[in-house]
Amino acid sequence: MTTWTSWFIYSIARHVSITHWRGCGETPRVRESIVDILRGAVRDAALRTGHVQEGSLPPVVIEEPRAAGHGDFSTNIAMLVASQSGLKAREVAEAIASRLDRTSAKLDRVEVEGPGFVNMFISKAHLQENARQILQDGDAYGTLNFGKGSLVQVEFVSANPTGPLNVVSARAAAVGDSLIRLLKACGFEARSEFLTNDHGTQVELLGRSLQARVEELRSGRPAEIPEEGYRGEYLVDLAREISSETALQMLAEAGKAGGSKFAKFAVERMIEGQRKDLTDFGVSFDNWFRESSLHSSGYVEETLATLRDSGFLYEKDGAEWFKSSELGDEQDRVVRKSPAGQEGAAGEPTYFLSDVAYHRNKFERGFERVIDIWGPDHHGHVPRMQAAARALGYPPDWLEILIVQWVRLMRGKEPVSMSKRAGEFVTLSELIKEVGVDCARFFFLMRKVNSHLDFDLELAKRQSDENPVYYVQYGHARVSSVIEFAREGGVEMCGLEEADLSLLSQPEELSLLRHLICYPEQVRAACLGREPQKITSYLTGLATAFHQFYHNHRVVGAEPNLMQSRLLLVRAVKTVIKNGLDLLGVSAPDKM
RNA sequence: GCGCCCGUAGCUCAGUUGGAUAGAGCGGCGGACUCCGGAUCCGCAGGCCGAAGGUUCAAAUCCUUUCGGGCGCACCA
């Protein structure tokens with residue numbers, strides 16, 4: 001079984017289970033994260049001090065201090081309240097600390113230190129019990145429900161159907177897909193969409209380029225590819241696939257303006273190819289939206305009329321302009337070009353207008369929020385699109401646009417040249433072939449979306465300790481192996497309720513338990529910040545904690561009760577690694 | 001010229017809506033259990049967080065200026 005098929009099957013299983021528990025309604029398998037609990041407790045305590053009112057309470061921030069002596073969690077709320085009210089921070093901190101309900105907040109002790117930090121030490125018993133909870137929750141551990149079923153769309157990749165997908169699209173695919181998974185894990189109804197631009201001059205050029213290749217094959221003379229056309233080898237391959245009979249027919253129909261038959265044919269094949277590459281990458285879309293449908297349905301014209309009604313359009317030099325400069329853009333934008341030909345004819349709509357129409361369409365489909373993931377070459381378009389959303393009267397935060405930065409492919413120290421025009425670029429499918437799906441996805445998700453990424457193919461290919469991808473997967477495989485070893489040794493695993501988790505008190509065990517309990521909060525943060533890299537870095541940390549534990553302590557071979565507790569602990573680790581990797585679309589293998 | 005993004009260890013990058021002593025991986029050097037997977041673990045070296053001011057109890061993080069890099073600035077898509 002290939003890696004991606006196993007991922008696919010796992011993904012289906014997970015989806016079914018989520019649907020199942022959502023359907024159960026009352027079953028409270030979605031829990032508050034420990035940080036939610038602490039936030040609530042600190043908030044209550046702060047209000048009870050009487051130093052601050054409900055309305056003026058600053059947001060409660062719970063953080064994990066770096067230094068060990070500063071507790072498992074800490075809050076700076078006292079200093080914020082103090083600076084607001086003129087009180088002394090230490091005194092406010094003392095007042096909050098003394099009013100903290102330790103039982104409900106699952107705390108062993110609370111200390112005030114430094115300028116007014118309230119440091120909280122989580123109850124060991126609660127840490128231990130959480131491991132049991134993880135196994136009870138299984139796939140659902142780390143799922144939250146603050147999305148409350150809100151309908152959200154993420155549109156990503158949306159490459160022109162003029163060639164195979166490149167590595168920037170690959171990164172966008174990894175990010176968008178992971179975002180969808182994160183949103184779903186947080187209780188949103190998330191839908192993925194690919195806008196395919198099967199309309200306009202790019203497509204015409206594609207058709208003419210293909211036609212040139214077909215002619216080249218028939219005549220043997222070098223192809224006369226249009227100036228701005230597509231020169232990639234893939235069109236030669238495509239030309240070869242067209243039987244000579246079909247080719248003759250298509251050439252005959254093409255005429256001198258030509259190309260549209262070829263264009264239609266090429267576009268369909270390109271879309272098909274892109275879809276296949278994405279599927280191989282483990283990314284499938286809920287909807288492939290065709291730009292041409294906006295034109296054929298009259299949606300673009302309707303949008304123009306709507307904009308006119310909004311009062312944000314005016315005519316100048318025969319063209320129709322949108323007053324985006326009044327809504328945050330640096331200048332106004334043309335939505336309808338001045339007529340190219342005869343007097344009185346209506347001008348063509350611009351690409352911008354059809355993009356506005358597309359977003360209007362999204363809004364009318366009922367999405368409560370829309371997230372667009374764009375390439376860096378489009379970042380200049382953000383203000384005009386936001387301006388359009390405002391002109392149409394959509395809520396200010398309805399449209400969110402993320403820019404995925406460039407990927408620089410490296411072979412060791414040498415950058416790989418990437419020229420799309422010349423057709424020299426590494427495609428998604430080549431990337432998958434070279435480094436594998438798991439590796440590619442993990443690498444793309446290791447960095448912040450908005451920062452440049454160096455992707456070292458040499459490093460990614462190496463199946464050794466130099467490769468960060470395997471570190472996390474190895475942790476998962478190792479746990480599987482321990483469990484298998486125990487089974488082979490005739491160990492009978494006790495029931496979840498029977499294990500005595502209070503035996504887990506070694507530093508490495510407690511460190512693992514702390515990592516495990518923070519997982520749900522990491523999911524929340526990654527989702528809210530649209531930062532999948534928080535999950536990769538969390539998993540790396542969890543794997544480190546596990547490897548350290550493993551190196552220092554025996555599971556199989558420990559005193560029987562302790563062994564049972566450690567088996568449970570280790571199974572909890574496995575569950576969380578698996579859940580986390582699933583959010584990235586990376587497989588969690590039992591053997592490597 | 002204008003706008004947006006980015007400057008953190010030799011390299012690639014984290015750094016929790018401003019928090020306590022700035023971290024990881026790779027690379028370099030030196031080590032590790034006769035035993036559950038050595039794709040692991042431990043230690044050492046390596047930093048004026050591009051620079052200069054400012055805001056405050058607290059700045060890698062916020063503001064201003066400046067230097068260096070990327071990307072945009074069409075009646076193209």
Side-chain angles (χ1 to χ4, degrees), chain A residues 35 59 61-67 69-70 74-76 79 82-83 88-89 113-117 119 160 162 197 199-203 205 228 291 316-321 330-331 333-340 347-348 350-352 354-355 375-383 403 405-406 408 410 413 446-448 450-456 459 462-471 473-475 477-486 488-489 521-522 525 528-529 533-534 536-537 540-541 543-544 546-548 550-558 563 566 570 591-592:
Chain A
V35 175
V61 176
I62 304 292
E63 53 189 51
E64 298 168 47
R66 275 193 272 270
H70 295 152
S74 162
T75 180
N76 64 348
M79 290 175 289
S83 71
K88 286 190 174 164
E113 277 181 63
F117 289 103
N119 295 337
N160 282 340
T162 53
N197 185 356
H199 179 271
T201 57
Q202 304 287 332
V203 170
L205 272 169
E228 300 289 307
E291 195 192 341
K316 193 181 86 181
D317 305 331
E320 202 156 1
W321 296 70
E330 53 188 25
Q331 57 185 265
R333 308 289 169 181
V334 170
V335 288
R336 191 178 48 77
K337 305 175 200 173
S338 61
E348 292 278 307
T350 60
Y351 169 79
F352 172 55
S354 76
D355 218 10
D377 50 337
H378 281 72
H379 85 249
H381 294 229
V382 174
I403 302 296
Q405 274 298 345
W406 294 119
R408 192 168 62 142
M410 311 284 286
K413 285 183 174 167
M446 275 194 312
R447 304 299 179 217
K448 273 185 301 197
N450 193 24
S451 63
H452 294 255
L453 170 65
D454 273 17
F455 193 122
D456 187 344
L459 176 62
R462 269 180 262 169
Q463 300 208 348
S464 72
D465 53 352
E466 295 158 71
N467 191 330
V469 183
Y470 299 108
Y471 189 77
Q473 289 187 319
Y474 184 64
R478 218 175 196 183
V479 175
S480 300
S481 166
V482 170
I483 292 167
E484 187 54 31
F485 184 83
E488 282 170 5
E521 184 60 23
Q522 293 295 323
L528 282 176
Q533 95 277 355
K534 283 195 191 298
T536 52
S537 93
T540 306
T544 299
F546 169 68
H547 289 309
Q548 285 168 341
Y550 181 86
H551 191 260
N552 287 297
H553 304 286
R554 300 278 310 175
V555 176
V556 179
M563 174 174 69
R566 286 182 174 165
V570 142
K591 290 193 167 110
M592 295 172 67

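Residue numbering restarts at 1 for every chain, and letters A, B, ... go by the order of the sequence lines.
For S74(A) and A20(B), a side-chain-to-base donor-acceptor distance below 3.5 Å is present, hydrogens and geometry of angles not being considered. In the interface, the side chain of S338(A) is paired with the base of C75(B) through a donor and an acceptor atom under 3.5 Å apart. The base of A39(B) is not paired with the side chain of H547(A) by any donor and acceptor separated by under 3.5 Å.
Residue R447(A) places its side chain closer to U12(B) than to any other of U12(B), C36(B), G38(B). With C36(B), C73(B), A39(B) as the candidates, the nucleotide lying closest to the side chain of M592(A) is A39(B). With C36(B), C41(B), C73(B) as the candidates, the nucleotide lying closest to the side chain of Y471(A) is C41(B). For D454(A), the listed nucleotide lying nearest its side chain is U12(B); candidates were A39(B), U12(B), A77(B). When distances are taken from the side chain of A319(A) to each of A77(B), C75(B), G37(B), the shortest belongs to C75(B). Comparing C36(B), C75(B), A77(B) against the side chain of Y351(A) picks out A77(B) as the nearest. Closest contact between the side chain of V556(A) and the listed nucleotides U40(B), C36(B), C41(B) involves C36(B). Of the candidate nucleotides A14(B), C71(B), G37(B), C71(B) has the atom nearest to the side chain of W406(A).
By the 5.5 Å and 30° criteria, F117(A) is stacked with the base of A20(B). Ring-base stacking between Y550(A) and U40(B) is not satisfied when judged by a centre separation under 5.5 Å and a plane angle under 30°.
No hydrogens or angles considered: a donor-acceptor pair under 3.5 Å links the side chains of H547(A) and R478(A). Using modelled atom types and a 3.5 Å distance limit, the side chains of Q202(A) and N160(A) yield no donor-acceptor pair. Counted by atom type alone, T75(A) and E63(A) present zero donor-acceptor pairs between their side chains at under 3.5 Å.
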Pick out the pairs of N or O atoms, protein on one side and nucleotides 2-5 of chain B on the other, that lie under 3.5 Å.
{"from": "G3(B)", "atom 1": "N2", "to": "H379(A)", "atom 2": "NE2", "distance (Å)": "2.6"}
{"from": "C4(B)", "atom 1": "O2", "to": "H379(A)", "atom 2": "NE2", "distance (Å)": "3.3"}
{"from": "C5(B)", "atom 1": "O3'", "to": "N450(A)", "atom 2": "ND2", "distance (Å)": "3.3"}
{"from": "C5(B)", "atom 1": "O2'", "to": "N450(A)", "atom 2": "O", "distance (Å)": "3.4"}

Could you pull out the protein-nucleic contacts involving nucleotides 15-18 of chain B (nitrogen or oxygen on both sides, under 3.5 Å)?
{"from": "G15(B)", "atom 1": "OP1", "to": "Q533(A)", "atom 2": "NE2", "distance (Å)": "3.4"}
{"from": "G15(B)", "atom 1": "OP2", "to": "K448(A)", "atom 2": "NZ", "distance (Å)": "3.4"}
{"from": "U16(B)", "atom 1": "N3", "to": "E64(A)", "atom 2": "O", "distance (Å)": "3.3"}
{"from": "U16(B)", "atom 1": "O4", "to": "E64(A)", "atom 2": "O", "distance (Å)": "3.0"}

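To the nearest whole angstrom, the two C1' atoms, one in U8(B) and one in C71(B), are 22 Å apart. Distance check on atom P: G50(B) versus G7(B) gives 8 Å, rounded to whole Å.
The shortest side-chain heavy-atom distance between W321(A) and R336(A) does not fall under the 4.5 Å cut-off.
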Seminar exercise, completed: A correct dot-bracket answer for RNA chain B, with pairs being Watson-Crick or G-U at under 3.5 Å, [ ] for crossing pairs and | for inter-strand pairs, is (((((.(..((((.....[...)))).(((((.......))))).....(((((..]....)))))).)))))....
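For H381(A) and C71(B), the NE2 to C1' distance is 11 Å, given to the nearest whole Å.
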